[in-house]
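What follows is one structure encoded as structure tokens, with my remarks underneath.
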Amino acid sequence: MGTLASNRKGFITGTSQANYASALNVATGTATDSATGNQNCIQYFKSSGRGGGTFRFIRTFIHFNTTNLTEASSISLQLTSAGGSNSSNFNVTAIKHSAGSSNGSQISDSDFNNIDRNTAYSAATSFASSGTITFTLNAAAAEQINNNNDFNVALLLTVDATQSEEDPLESDGDITNAIAFSSAINLVYTEPAASGYNHKVNTIAATSIGKVNTVATANIGKINTVD
């Protein structure tokens with residue numbers, strides 16, 4: 001089993017709008033780059049108010065440097081919850097983003113809507129109030145991870161990720177999930193099985209040997225008749 005820690009993690013609070021539909025597509029927000037501590041970072045907030053309302057979303061943006069991953073399988077994204085609920089309204093979906101110039105650079109206010117709702121990386125996933133939250137990543141995510149140097153994954157409330165036409169709140173309130181950013185956010189995956197000769201040669205571990213008498217270890221089944 002392999003583990004890869006995130007290279008960058010943060011969130012952006014979208015600019016407040018007068019209604020739910022506008023809040024879904026607002027272009028900018030206030031970025032919190034390289035977030036630490038427990039943060040309310042996946043949210044829908046609603047306050048009708050007199051003379052106009054306050055409607056806003058918060059989205060989380062994560063980057064992994066996947067340069068060294070080429071054959072990972074059974075991949076999941078794992079993080080630690082700092083608050084949430086098992087209610088379906090609190091479900092979160094992982095999707096593609098292009099914040100931070102898509103290469104792990106600092107996220108900025110203008111990155112809020114740099115998301116690709118057409119490329120989901122997970123199904124809707126429940127977000128408990130504590131413990132480890134696991135997003136099982138799909139084939140689209142695996143292809144990105146194994147064939148590119150950068151994996152950019154945004155975490156949105158599912159109503160936001162799917163651009164649901166119906167406001168999930170009948171009255172004022174909020175749907176808020178929190179992440180413990182001081183804890184690791186990891187990709188967890190299955191590594192390819194080792195192949196070729198995998199025993200020591202003259203006390204040197206096989207993993208430190210590229211060739212034996214000019215023959216690559218991957219092409220060696222036996223040495224002096226020994227498996």
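- A 4.5 Å side-chain heavy-atom check between Tyr121 and Lys96 finds at least one atom pair inside the cut-off.
- Residue Ile75 holds its CD1 atom at 5.0 Å from CG of Asn146, rounded to the nearest 0.5 Å.
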Side chain to side chain contact (heavy atoms under 4.5 Å, CB included) between Asn177 and Val92, worked out: CA-CA 9 Å; Asn177 294 321; Val92 174; 3.2 Å; yes

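- Atoms CG and CG, from Leu4 and Asn65 in turn, are 7.5 Å apart once rounded to the nearest 0.5 Å.
- Classification of the Phe11-Phe181 ring pair by plane angle, with boundaries at 30° and 60°, yields parallel.
- In plain terms, the two heavy atoms of Ser6 and Ile62 that are nearest each other are CB-CG2, 3.8 Å.
- With sequence neighbours left out, Lys46 forms a salt bridge (Lys or Arg N to Asp or Glu O under 4.0 Å) with Asp167.
- Looking only at side-chain heavy atoms (C-beta outward), Phe45 and Thr54 come within less than 4.5 Å of each other.
- To the nearest 0.5 angstrom, Ser81 atom OG is 4.5 Å from Ile133 atom CD1.
- Using modelled atom types and a 3.5 Å distance limit, the side chains of Thr136 and Ser76 yield no donor-acceptor pair.
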side-chain hydrogen bond (donor to acceptor under 3.5 Å, both in side chains) between Thr158 and Thr93, worked out: CA-CA 5 Å; Thr158 298; Thr93 299; 2.9 Å; yes

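- In the model, His63 has a side-chain atom that pairs as donor or acceptor with a side-chain atom of Asp150 under 3.5 Å.
- Taking CZ of Phe55 as the start and CG of Asp172 as the end, the distance is 7.0 Å to the nearest 0.5 Å.
- For the 3.5 Å distance criterion, the side chains of Asp109 and Thr30 fail to qualify, holding no donor opposite an acceptor.
- With a 4.5 Å cut-off on side-chain heavy atoms, Ile145 and Leu187 count as touching.
- Looking only at distances, no side-chain donor or acceptor of Thr32 sits under 3.5 Å from a matching main-chain atom of Gly10.
- Within the 3.5 Å criterion, the main-chain N or O of Asn113 finds no donor-acceptor partner in the side chain of His97.
- Rounded to the nearest 0.5 angstrom, Ser47 OG and Arg56 CZ are separated by 9.0 Å.
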Test side-chain hydrogen bond (donor to acceptor under 3.5 Å, both in side chains) applied to Asn114 and Ser98, step by step: CA-CA 5 Å; Asn114 286 342; Ser98 57; 4.5 Å; no

Chi angles and distances behind the side chain to side chain contact (heavy atoms under 4.5 Å, CB included) call for Val188, Met1: CA-CA 7 Å; Val188 179; Met1 189 69 70; 3.6 Å; yes

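- In this structure the side chain of Pro168 reaches within 4.5 angstrom of the side chain of Tyr20, judged on heavy atoms.
- Interatomic distance, CG of Leu155 versus CD1 of Ile185, reported as 7.5 Å (0.5 Å rounding).
- Checking side-chain atoms of Arg59 against main-chain N and O of Phe112 turns up a donor-acceptor pair under 3.5 Å.
- Contact of the Asp116 side chain with the Ile95 side chain is not registered, since no non-hydrogen atoms from C-beta on lie closer than 4.5 Å.
- Minimum heavy-atom separation, Val26 to Gly14: CG1-CA, 4.3 Å.
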Pair Gln43-Thr176, side-chain hydrogen bond (donor to acceptor under 3.5 Å, both in side chains): steps then yes or no: CA-CA 4 Å; Gln43 184 190 73; Thr176 302; 2.9 Å; yes

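- Within the 3.5 Å criterion, the main-chain N or O of Ile58 finds no donor-acceptor partner in the side chain of Thr13.
- Using modelled atom types, one side-chain atom of Arg117 and one backbone atom of Asp160 make a donor-acceptor pair closer than 3.5 Å.
- Applying the salt bridge (Lys or Arg N to Asp or Glu O under 4.0 Å) rule to pairs touching residues 8-31 yields Arg8-Asp33, sequence neighbours excluded.
- Between the Ser122 side chain and the Ala94 main chain, a donor and an acceptor come within less than 3.5 Å of each other.
- Among all heavy-atom pairs drawn from Ala82 and Ala180, the shortest one is CB-N, 3.9 Å.
- Here the side chains of Leu79 and Phe127 are in contact, with some heavy-atom distance below 4.5 Å.
- In plain terms, the two heavy atoms of Phe64 and Val153 that are nearest each other are CE1-CG1, 4.0 Å.
- Shown here are the salt bridge (Lys or Arg N to Asp or Glu O under 4.0 Å) partners of Asp111, two or more places apart in sequence or in another chain: there are none.
- Residue Ala154 comes nearest to Leu156 through the heavy atom pair CB-CD1, 3.7 Å, listed as atom of the first residue, atom of the second, then distance.
- For the pair Thr60 (side chain) and Cys41 (backbone), a donor-acceptor distance under 3.5 Å is present.
- Taking the six-membered ring for Trp and the full ring otherwise, the centers of Phe57 and Tyr44 sit less than 6.0 Å from each other.
- Taking every heavy atom of both residues into account, Ile175 and Leu157 meet most closely at O-CD1, 3.8 Å.
- For the pair Ile179 and Ile42, the minimum side-chain heavy-atom distance is below 4.5 Å.
- Gln17 and Asn25 share no donor-acceptor pair across their side chains, judged by distance under 3.5 Å alone.
- Of the possible donor and acceptor atoms, none in the side chain of Ser105 sits under 3.5 Å from a partner among the backbone N and O of Ser101.
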Test log, rule side-chain hydrogen bond (donor to acceptor under 3.5 Å, both in side chains), inputs Ser110 and Ser108: CA-CA 5 Å; Ser110 60; Ser108 63; 3.2 Å; yes

